[in-house]
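Atoms within each ligand, like the ligands themselves, are counted from 1 in listed order. Start at 1 with the first residue, then count along the sequence. Just so it is clear, the values below take in all heavy atoms, side chains as well, and ignore hydrogens, waters and symmetry mates.
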Amino acid sequence: MSKTLTTCVYCGCGCNFYLVSDGTRLTGAYPSQHHPVSRGAMCVKGWNAYEYTNAADRLKTPLIKEDNRFRPASWLEAIALVAERLTDYRVRIGPDSLGFFSSAKTTNEENYLMMKLARAVFKTNNIDHCARLCHASTVAGLAATFGSGAMTNSISEFEDADCFMVIGSDTTSQHPMIGSRIVNAVKEHGAKLLLVDPRKIALSKYATIHARHRNGTDVAWVNGMMNIIIKEGLWDRTYVEERTEGFDKLRSTVERYNPEYVSRITGVAPDQLIEMARIYASVPKAMIVYSMGITQHTTGVDNVKSLANLAMLTGHVGFPCTGVNPLRGQNNVQGACDMGALPNVFSGYQKVTDDSMRQKFEQAWKVDNLPGTAGLTITEMMNAAGTGEIKGLYIMGENPAISDPDLNHVCECLKKAEFLVVQDNFLTETAQYADVVLPAATFAEKDGTFTNTERRCQRVRKAINPPGEARSDWEILGEIASACGYDGMQYESPAELMDEIASLTPIYGGMQYDRLEPFGLQWPCPNREHPGTPYLHRDKFAKGVGTFMPCQYLPPAELPDEEYPFLLSTGRIYWHFHTGTMTRRTTVLNREVPAAYVEMNLSDADRLGVRSGDQVQVTSRRGNINLAVRVSDIVTEKSVFIPFHFAEAAANVLTNNAVDPVAKIPEYKVCAVKIEKLP
Ligand code: SF4
């Protein structure tokens with residue numbers, strides 16, 4: 001047996017564990033004792049992260065679709081076909097007839113290469129990835145207020161905080177190692193926990209206050225807290241004067257959000273709001289922690305800006321154990337953003353619209369005419385495939401046929417794409433629509449790096465060979481570039497690739513592989529002497545002074561009415577991950593939760609005459625699904641919750657594809673549905 005230290009493939013905590021192998025198969029995993037996040041522990045997904053790699057239905061050869069059926073093909077044939085068809089569209093119709101989906105599951109090096117393939121070889125900025133669906137609002141909101149769109153502080157700092165304000169994050173389910181640190185801080189030194197979440201979650205029993213607000217009313221209650229803090233003189237005058245701008249505008253905006261007015265909008269009692277404001281403003285070290293309950297709204301960017309305003313008003317940013325801490329959902333969603341798998345920036349958030357940036361990348365990549373206008377987002381590319389504007393779509397390691405909103409529409413668009421390439425470990429729901437399927441190695445079968453939610457770039461190490469003819473994504477992308485006549489994407493190893501990334505990406509400037517041992521570095525890390533940065537905005541904000549960006553409350557795009565009387569929210573649960581591609585191939589996880597369900601309040605269940613286990617049909621304006629009911633007090637009356645992991649009752653058939661106007665993130669957290677009992 002051999003053991004290989006690597007980084008977990010699931011959530012953004014970025015635990016390190018050893019994969020145990022008998023030489024051909026993985027047989028187990030156990031946590032690193034010394035890693036700063038794992039410290040000898042991991043959650044149930046980590047303990048079982050090896051099993052799906054052994055699944056019998058792994059893709060082992062390239063597949064080409066003919067007469068509506070897949071047939072095995074050689075790599076030579078598959079790569080030649082992909083290169084020929086994509087080049088044909090580029091030359092005949094234009095570069096923007098192509099779209100590229102990169103992946104938060106693949107390594108930094110692979111995301112960088114996907115971005116290089118789209119921009120250098122095919123000359124389009126139509127590249128994006130699933131951050132669009134989870135934290136695009138964070139990137140936009142925090143960049144505008146602080147100058148950097150990432151988690152400000154580190155996971156290890158959670159232990160010493162005096163107060164947590166946790167919003168829209170079922171932390172113990174979705175980021176278990178961070179959730180356990182919050183629980184420990186409450187239990188061991190009496191840290192205050194201010195929880196704002198419509199659902200009753202595991203953290204509720206540790207909460208000093210649990211405000212169960214109406215979904216989609218976050219700007220209103222945050223403005224309400226700032227109203228109280230200003231009125232009671234609890235704001236940090238020195239900090240605001242020395243380190244921020246725009247306070248007067250903030251003060252006048254929040255003026256009308258008195259506790260009674262806020263209560264009418266949000267359902268949060270005035271006393272609760274006042275107490276939360278007093279606690280958050282008066283403790284020395286308070287951390288704001290949030291996740292997709294904040295970001296997945298048509299007002300996602302406003303929600304994030306409001307939290308940034310609150311942190312600056314009270315001086316709770318720029319110090320240890322403080323800050324605004326968005327918890328990134330996937331193992332490498334932070335890294336995929338950092339690598340420029342986004343329509344408007346190169347790696348390190350260097351703008352494609354900036355002439356000097358384009359010149360820098362043109363010189364390094366030895367190409368000319370890099371495109372200078374921002375490309376399309378994931379949802380826009382999907383729509384463009386549906387209308388025929390995009391002809392060729394290349395999807396690496398994503399499963400939009402389950403993960404994107406309004407699935408009936410998404411599947412129509414996938415059908416209409418003239419030429420669809422999918423590169424993945426399995427024949428996913430999306431891959432079934434493909435013209436060419438390319439078999440990719442899993443995280444356990446390749447080298448590279450992932451960057452976790454606290455900006456820690458750390459090593460992924462190969463433990464076994466991929467099955468059959470499957471290859472690492474970085475090797476496949478290099479082959480496609482070569483087949484298109486570009487030889488600037490051939491590398492000996494991911495280490496060589498990281499050297500190129502470091503040379504072009506200032507925040508990763510000191511991140512060569514020898515410096516990432518044993519447990520990585522946190523960006524910004526501009527040079528080889530730099531030790532990495534545990535918390536951001538220390539003496540000044542990344543943009544100089546922090547900017548207050550006050551927002552007015554706007555309601556969600558679709559609220560319950562007579563015809564669709566329930567408010568639906570969707571999300572992840574502890575036992576499964578994302579579209580279930582990995583966790584539903586894992587015995588323990590599938591045994592615990594084998595099928596989809598809808599959480600419903602006891603009073604609603606009474607009215608509908610249903611009990612736990614009964615089948616119901618849930619219908620929105622976009623479609624319907626059938627699934628079992630779970631009756632509990634987790635959700636409030638007239639609200640329901642459905643986990644989105646299950647293809648056979650995919651919650652995203654129901655969700656609304658209305659998007660935030662700036663970040664273009666869909667409103668997964670609010671839509672209107674009706675529920676009928678099935679015979
Ligand atoms: Fe993996 Fe996240 Fe669990 Fe750690 S907490 S083992 S990173 S899923």
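Closest to atom 3 (Fe) of ligand 1 among all protein heavy atoms lies C43 SG, 2.3 Å. Looking only at protein heavy atoms, the nearest one to atom 1 (Fe) of ligand 1 is C8 SG, 2.4 Å. Atom 2 (Fe) of ligand 1 has as its closest protein heavy atom C11 SG, 2.3 Å.
Note: Y349 and W523 have tilted aromatic rings, judged against thresholds of 30 and 60 degrees for the angle between ring planes.
Coordination check, C15 versus atom 4 (Fe) of ligand 1: passed, since an N/O/S atom of the residue sits under 2.8 Å.
Of all atoms in ligand 1, numbered sequentially from 1 with element shown, those under 4.0 Å from a heavy atom of G46 are 6 (S). Within the listing of ligand 1, atoms 7 (S) sit less than 4.0 angstrom from a heavy atom of G14. Of all atoms in ligand 1, numbered sequentially from 1 with element shown, those under 4.0 Å from a heavy atom of P176 are 5 (S).
Shown here for M276 and A211, the closest heavy-atom pair between the two residues is CE-CB, 4.2 Å.
Checked against a 6.0 Å centroid threshold, the rings of Y10 and H578 do not count as neighbours. H537 and F319 have their aromatic ring centers separated by at least 6.0 angstrom.
Under a cutoff of 6.0 Å and an axis angle of 45°, R572 and F644 do not form a cation-pi pair.
The number of heavy-atom neighbours closer than 6.0 Å to NZ of K192, taken from other residues, nucleotides and ligands shown, is 12 or below.
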